[in-house]
K.L.:
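Please see the structure below; I have some questions.
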Amino acid sequence: MTIIEIPAGWPADETAARAVQAELCGRLVRDEEGPEVGEGQVTGLDVAYDDEHDLVAAAAVVLDARTLEVVEEATAVGRVSFPYVPGLLAFREIPTVLAALDGLTTDPGLLVCDGYGIAHPRRFGLASHLGVLTGRPSIGVAKNPFTFTYEQPGPARGDFAPLLAAGEEVGRALRTRAGVKPVFVSVGHRVSLANACAHTLHLAPRYRIPETTRHADSLCRRALKEARGDA
DNA sequence: GCGACAG
DNA sequence: ATCTTGTCGC
């Protein structure tokens with residue numbers, strides 16, 4: 001398997017990365033509702049790491065938005081392009097994720113990321129970054145509240161509570177399964193918060209985590225194992 | 001100044 | 001993210 005190159009000019013330190021965020025942040029579109037739930041296609045994205053061998057594997061899995069059946073899969077393997085720094089996760093994941101997206105032949109539709117969109121210290125997390133770079137609608141569905149605060153949502157599936165940053169609603173803690181810890185949904189690019197939550201509920205009919213992310217997670221782990229077998 | 005912190 | 005088997009429970 002080919003190992004993708006880290007793009008020329010990729011930020012080398014935190015100062016450079018923050019400058020890139022500040023510039024791209026100006027291209028974020030927040031006044032669109034986004035795709036209809038259950039129509040077209042939706043694509044789950046995820047990444048797995050092997051710091052030992054300096055490898056990153058990304059997966060993009062396209063689902064039919066109505067049936068949630070897998071339409072197409074693509075993977076890419078690259079080198080670690082940035083250390084993990086809270087607030088700069090995108091710089092660690094994006095080169096390989098973009099390569100995986102490039103491998104698709106069908107329309108990705110809505111991008112569903114494993115992490116945050118505008119619920120971010122500078123309102124420009126992974127999902128927003130990926131949305132702006134691709135021009136596509138995107139949302140972030142995270143498993144942890146990061147630095148944000150929230151009240152426990154009601155116990156039923158679909159119950160939610162605002163995710164707050166200094167009193168501002170930057171996302172929602174959304175219950176996808178009765179009595180189970182909520183997921184944390186935020187807008188990425190070209191999607192409203194209410195629509196992002198509606199998509200998340202539709203994509204998680206049975207388990208806490210959306211089917212998009214579940215598929216992408218297992219696929220990128222498999223891709224990583226194959227990659228370490230080669231090199 | 002110190003700790004916490006998506007994946 | 002990752003290190004990691006079986007096991008308790010619906």
Side-chain angles (χ1 to χ4, degrees), chain A residues 11 14 17-18 20-21 24-25 28 44-61 75-98 100 111-132 138-150 155-157 163-166 168-174 176-189 193 196 200 205-210 212-225 227-228:
Chain A
E14 297 187 24
R18 285 168 185 252
V20 171
Q21 284 186 333
L24 293 180
C25 193
L28 192 62
L45 303 165
D46 197 18
V47 171
Y49 298 95
D50 182 347
D51 289 304
E52 182 86 9
H53 298 81
D54 186 39
L55 289 175
V56 183
V61 181
T75 61
V77 176
R79 300 296 185 186
V80 173
S81 56
F82 209 84
Y84 172 66
V85 179
L88 298 177
L89 176 65
F91 296 91
R92 185 166 167 77
E93 309 212 327
I94 277 186
T96 317
V97 168
L98 285 180
L111 305 182
V112 181
C113 301
D114 189 12
Y116 280 110
I118 64 167
H120 178 271
R122 293 168 296 280
R123 304 293 176 271
F124 199 70
L126 171 66
S128 298
H129 199 136
L130 205 53
V132 167
S138 65
I139 66 174
V141 182
K143 300 181 286 296
N144 296 295
F146 200 9
T147 60
F148 307 106
T149 60
Y150 66 101
R157 168 178 155 83
L163 192 62
L164 302 171
E168 176 192 358
E169 182 180 35
V170 294
R172 285 176 184 166
L174 175 66
T176 51
R177 256 198 102 167
V180 172
K181 174 180 176 173
V183 293
F184 304 91
V185 181
S186 59
V187 165
H189 182 58
L193 180 55
T200 301
R206 177 165 182 193
Y207 300 107
R208 174 187 179 231
I209 303 299
T212 36
T213 301
R214 287 166 47 79
H215 279 108
D217 180 74
S218 65
L219 180 56
C220 70
R221 292 190 200 216
R222 270 177 275 148
L224 186 61
K225 286 187 178 180
R228 69 166 46 126

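Naming: A, B, ... by sequence-line order, numbering from 1 per chain. Quick caveat, the model's predicted, so the values are computed rather than measured. Just so you know, these numbers use all the heavy atoms, side chains as well, and skip hydrogens, waters and symmetry mates.
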K.L.:
Show your reasoning for whether side chain to side chain contact (heavy atoms under 4.5 Å, CB included) applies to A/I118 and A/L28.
P.N.:
CA-CA 10 Å; A/I118 64 167; A/L28 192 62; 3.7 Å; yes
K.L.:
B/dG7 phosphate, OP1 or OP2: any side-chain N/O from A/K143 under 4.0 angstrom?
P.N.:
yes
K.L.:
For a side chain to side chain contact (heavy atoms under 4.5 Å, CB included) with A/T213, tell me which candidate from A/V112, A/V61, A/T200, A/V183 qualifies.
P.N.:
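Answer after filtering A/V112, A/V61, A/T200, A/V183: A/V112.
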K.L.:
May I have the distance from A/D114 (atom CG) to B/dG7 (atom C1'), rounded to whole angstrom?
P.N.:
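So the CG-C1' distance, A/D114 to B/dG7, works out to 7 Å.
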K.L.:
Without decimals, in angstroms, what is the distance between A/E14 CD and B/dC5 C1'?
P.N.:
13 Å
K.L.:
Once you round it to whole Å, what is the distance between C1' of B/dG7 and CG of A/D51?
P.N.:
11 Å
K.L.:
Please state whether the rings of A/F184 and A/Y150 are parallel, tilted or perpendicular, taking 30° and 60° as the class boundaries.
P.N.:
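Ring orientation of A/F184 relative to A/Y150: perpendicular.
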K.L.:
Between atom NE2 in A/H53 and atom P in C/dA1, what is the gap in whole Å?
P.N.:
20 Å
K.L.:
Rounded to whole Å, how long is the line connecting atom NZ of A/K225 with atom P of C/dT2?
P.N.:
10 Å
K.L.:
So, A/E93 versus A/Y49: side-chain donor-acceptor pair below 3.5 Å or not?
P.N.:
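The criterion, which ignores hydrogens and geometry beyond distance, is satisfied for A/Y49 and A/E93.
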K.L.:
Establish, with yes or no, whether the OP1 or OP2 oxygen of B/dA6 is under 4.0 angstrom from a side-chain nitrogen or oxygen of A/Y84.
P.N.:
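Looking at the OP1 and OP2 atoms of B/dA6, one of them is under 4.0 Å from a side-chain N or O of A/Y84.
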K.L.:
With sugar-phosphate meaning primed atoms plus P, OP1 and OP2, does A/L88 contact a base, only sugar-phosphate, or nothing at under 4.0 Å between heavy atoms?
P.N.:
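Base contact - A/L88 has a heavy atom under 4.0 Å of at least one base atom.
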K.L.:
Would you indicate which nucleotide in B/dA6, C/dT2, B/dC5 comes nearest to any side-chain atom of A/Y116?
P.N.:
B/dA6
K.L.:
Which nucleotide in the set B/dA6, B/dG7, C/dT2 lies at the smallest distance from any side-chain heavy atom of A/R221?
P.N.:
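Nearest to the side chain of A/R221 among the choices is C/dT2.
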K.L.:
Compare the minimum distances between each of B/dA6, B/dC5, C/dT2 and the side chain of A/L89, then state the nucleotide with the smallest one.
P.N.:
B/dA6
K.L.:
Between A/F146 and A/H120, does the ring centre distance come in under 6.0 Å?
P.N.:
no
K.L.:
Atom CZ of A/F91 and atom C1' of B/dA6: how far apart are they, to the nearest Å?
P.N.:
14 Å
K.L.:
Counting the atoms with a prime plus P, OP1 and OP2 as sugar-phosphate, which does A/F146 contact under 4.0 Å by heavy atoms, base, sugar-phosphate, or nothing?
P.N.:
base
K.L.:
Under 4.0 Å, counting only non-hydrogen atoms across every strand here, what does A/D50 touch: a base, just sugar-phosphate, or nothing?
P.N.:
nothing
K.L.:
Pick base, sugar-phosphate or nothing for A/G87, based on heavy-atom distances below 4.0 Å to the nucleic acid.
P.N.:
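Counting heavy atoms under 4.0 Å across all strands, the contact made by A/G87 includes a base.
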K.L.:
Between A/L126 (CG) and C/dA1 (C1'), how many Å, whole number?
P.N.:
13 Å
K.L.:
Kindly say if A/N144 contacts the phosphate of B/dC5, meaning a side-chain N or O under 4.0 Å from OP1 or OP2.
P.N.:
no
K.L.:
Assign A/A119 to base, sugar-phosphate, or nothing according to its heavy-atom contacts below 4.0 angstrom with the strands shown.
P.N.:
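It contacts nothing in the nucleic acid.
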K.L.:
From CG of A/L163 over to C1' of B/dC5, roughly how many Å is that when rounded to an integer?
P.N.:
13 Å
K.L.:
Within less than 4.0 Å of OP1 or OP2 of B/dA6, is there a side-chain N or O belonging to A/R92?
P.N.:
no
